[in-house]
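Take a look at the structure below.
In what follows, every heavy atom counts, from backbone to side chain, and hydrogens, waters and symmetry copies are set aside.
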Amino acid sequence: MRALNKKLMTLACATCLTVGIGAVAYADTVDLGYGLYGNTSPTVKAVEVMRVPTDAKLRNNEQSQIISVANKAAVDAVNTSLKLQAPVQVDPMKGDVLDGFSVYQLQGTDKQGHHVGQLVVVDYSKNAIDQVLGMSKTVVEKGADVKSGPKNPSTSKPVALYSKELAQEKLQKLKGNTIEGAKLAKDLKMINDKLPAQIMDAFDKMLATEKNLSPKSKEELRSYVDFMVKQVSLDATHVGYKPVQTRYGTAVTGDLRGSLKYDGFRNTGSLIGYAVPTDKGVSLQLLMSDDSSHDYWANELNHIYQTQSLKGGK
């Protein structure tokens, strides 16, 4: 009888221990690139949808193929955009734009209910950032040449290449800004008034390069797109950004709360972003969710980044 009681007691203790361990919530880890990792709150579950590490040595064959295709598409998209939109001729983008990226679905629950968010991490290479800085310098100088004539080459300043230290120094001097209320409504009206024409202008330029459609098909397609874009408008209740201090160093964070309206339907959303400078590039993290979950995910990101506000520059 004593032996039976001892076995029952052992079984009961083992059961309690198993249940207790199963009830403990563990934080999940998300890869932010360039050796940066974030840990969610114990109550938030992170499910990896896709990941391509920034360290090429950690990639498998499939991940290597994915980043190769993504970089080719990114370079083609940038160069196409430059041809269509750049006010002056600039050198085309070359090399890798992306060092890596990842996508996670985040889920958590509080007294307000269940919250779902999509965390997208994009790691932009130093190579791409340096080229963009060079393009910006070219646009400014060539634009000035049109107005005042060519400059003396000896007076042209060299491009300040990207570095983590320089990026953080500029962010520390950045003055935050928040737009709401009447000011935001006024800005949105200007955007919505110009939006259809801007979309159609870009569409017409792309359509002009299309060689597989007949003139009639192009006209029909243009008419359809023109009708669609006139039904679309943007709305927002809050837009803001500010420099912050995080566990990864100085960064900038911003958020947008608004909606996309189409033909009477409204789809609300929230976008919270962080840009973190590193030695090898910039890690951009975007968390998208329904607007009703904005505060929940803002608090969660503050936990992950250990965010502290900075006053910024004047």
Side-chain angles (χ1 to χ4, degrees), residues 25-83 91-108 114-133 135 162 164 167 206 209-210 212 246-249 251 253 269-290 293 297 300-301 303-305:
Y26 294 93
D28 286 342
T29 300
V30 293
D31 184 0
L32 304 179
Y34 300 122
L36 307 180
Y37 294 89
N39 295 319
T40 66
S41 300
T43 55
V44 172
K45 179 69 176 176
V47 178
E48 180 183 304
V49 178
M50 178 182 292
R51 184 172 74 95
V52 177
T54 51
D55 187 346
K57 297 178 182 178
L58 301 179
R59 299 173 192 157
N60 57 33
N61 289 335
E62 182 182 11
Q63 290 170 330
S64 296
Q65 292 176 4
I66 290 174
I67 194 68
S68 177
V69 171
N71 268 310
K72 184 181 184 307
V75 170
D76 290 345
V78 170
N79 289 334
T80 299
S81 178
L82 289 173
K83 289 180 180 179
D91 292 334
M93 178 73 73
K94 299 177 182 178
D96 290 344
V97 174
L98 309 173
D99 281 335
F101 55 87
S102 55
V103 180
Y104 296 89
Q105 185 190 69
L106 305 183
Q107 295 190 45
H114 189 66
H115 305 275
V116 178
Q118 196 88 353
L119 177 64
V120 178
V121 180
V122 183
D123 302 303
Y124 289 100
S125 69
K126 182 181 183 302
N127 167 70
I129 298 171
D130 284 341
Q131 290 185 70
V132 170
L133 293 174
M135 292 175 188
Y162 169 85
K164 176 182 176 181
M206 289 187 292
T209 64
E210 178 57 55
N212 296 323
T246 73
R247 61 183 297 185
Y248 313 111
T253 182
S270 163
L271 179 66
I272 307 172
Y274 278 77
V276 182
T278 75
D279 290 325
K280 296 181 178 180
V282 172
S283 176
L284 176 65
Q285 299 108 40
L286 301 172
L287 197 151
M288 295 163 282
S289 72
D290 187 81
S293 296
W297 292 120
E300 176 62 21
L301 290 178
H303 163 79
I304 293 176
Y305 294 95

Exercise for the section: For residues Asp28 and Val44, determine if any side-chain heavy atom of one lies less than 4.5 Å from a side-chain heavy atom of the other. Expected result: no

Fill in the blank from the handout: Hits for side-chain hydrogen bond (donor to acceptor under 3.5 Å, both in side chains) against Ser283, two or more places apart or cross-chain, chain-then-number order -> Asp123, Gln285

Exercise for the section: Please examine the side chains of Val132 and Tyr162, heavy atoms only from C-beta on, and report whether any two atoms are closer than 4.5 Å. Expected result: no

Fill in the blank from the handout: One should read off an interatomic distance between Lys280 NZ and Asp99 CG, to the nearest 0.5 angstrom, of 8.5 Å

Practice task
Go through the side-chain N and O atoms of Asn127 and Gln131 and say whether any donor and acceptor fall under 3.5 Å apart.
Solution key: yes

Completion exercise
Shortest non-hydrogen pair, His303 vs Ser41, comes out as CD2-OG, 3.3 Å

Exercise for the section: Could you tell me whether the side chain of Tyr34 reaches within less than 4.5 Å of the side chain of Asp279, counting heavy atoms only? Expected result: no

Practice task
For Ala275 and Ala251, work out which heavy atoms get closest and say how close.
Solution key: O-CB, 3.2 Å

Handout entry: Euclidean distance, Tyr305 OH relative to Leu32 CG, rounded to 0.5 Å
Key = 5.0 Å

Problem - Minimum side-chain heavy-atom gap Leu82-Asn79 below 4.5 Å - result: yes

Exercise for the section: Measure across Leu98 and Ala70 and return the closest heavy-atom pair with its distance rounded to 0.1 Å. Expected result: CD1-CB, 4.1 Å

Exercise for the section: Indicate yes or no: at least one non-hydrogen side-chain atom of Ile67 is less than 4.5 angstrom from one of Arg59. Expected result: yes

Practice task
Kindly indicate whether the side chain of Leu36, heavy atoms from C-beta on, has any atom under 4.5 Å from the side chain of Thr278.
Solution key: yes

Practice task
Please check if atom CD in Glu210 has more than 12 non-hydrogen atoms from other residues, nucleotides or ligands closer than 6.0 Å.
Solution key: yes

Problem - Lys164 atom NZ: more than 12 heavy-atom contacts under 6.0 Å - result: yes

Practice task
Please tell me if the side chains of His115 and Ser289 come closer than 4.5 Å, counting only heavy atoms from C-beta onward.
Solution key: no

Problem - Main-chain N/O of Asp31 paired with Tyr104 side-chain donor or acceptor, under 3.5 Å - result: yes

Handout entry: Straight-line distance of Met288 CE to Trp297 CH2, nearest 0.5 Å
Key = 12.5 Å

Completion exercise
Rounded to the nearest 0.5 angstrom, the OH-CD1 distance for Tyr248 and Ile304 is 7.0 Å

Exercise for the section: Would you tell me whether Glu48 and Ser102 have side-chain atoms, one donor and one acceptor, within less than 3.5 Å of each other? Expected result: no

Practice task
Quick one: pull up CD in Gln65 and CG in Asn60 and give me the separation to the nearest 0.5 Å.
Solution key: 9.0 Å

Exercise for the section: Please answer whether the main-chain N or O of Gly273 pairs with a side-chain N or O of Thr253 as donor and acceptor at a distance below 3.5 Å. Expected result: yes

Problem - Donor-acceptor contact below 3.5 Å, side chain Thr80 vs main chain Asp76 - result: yes

Handout entry: Steps toward side chain to side chain donor-acceptor pair (under 3.5 Å) verdict (Glu300, Thr40)
Key = CA-CA 7 Å; Glu300 176 62 21; Thr40 66; 4.7 Å; no

Problem - Val121 side chain reached by Arg51 side chain, heavy atoms, under 4.5 Å - result: no

Problem - Nearest-0.5 Å distance, NZ of residue Lys83 to CE of residue Met206 - result: 14.5 Å

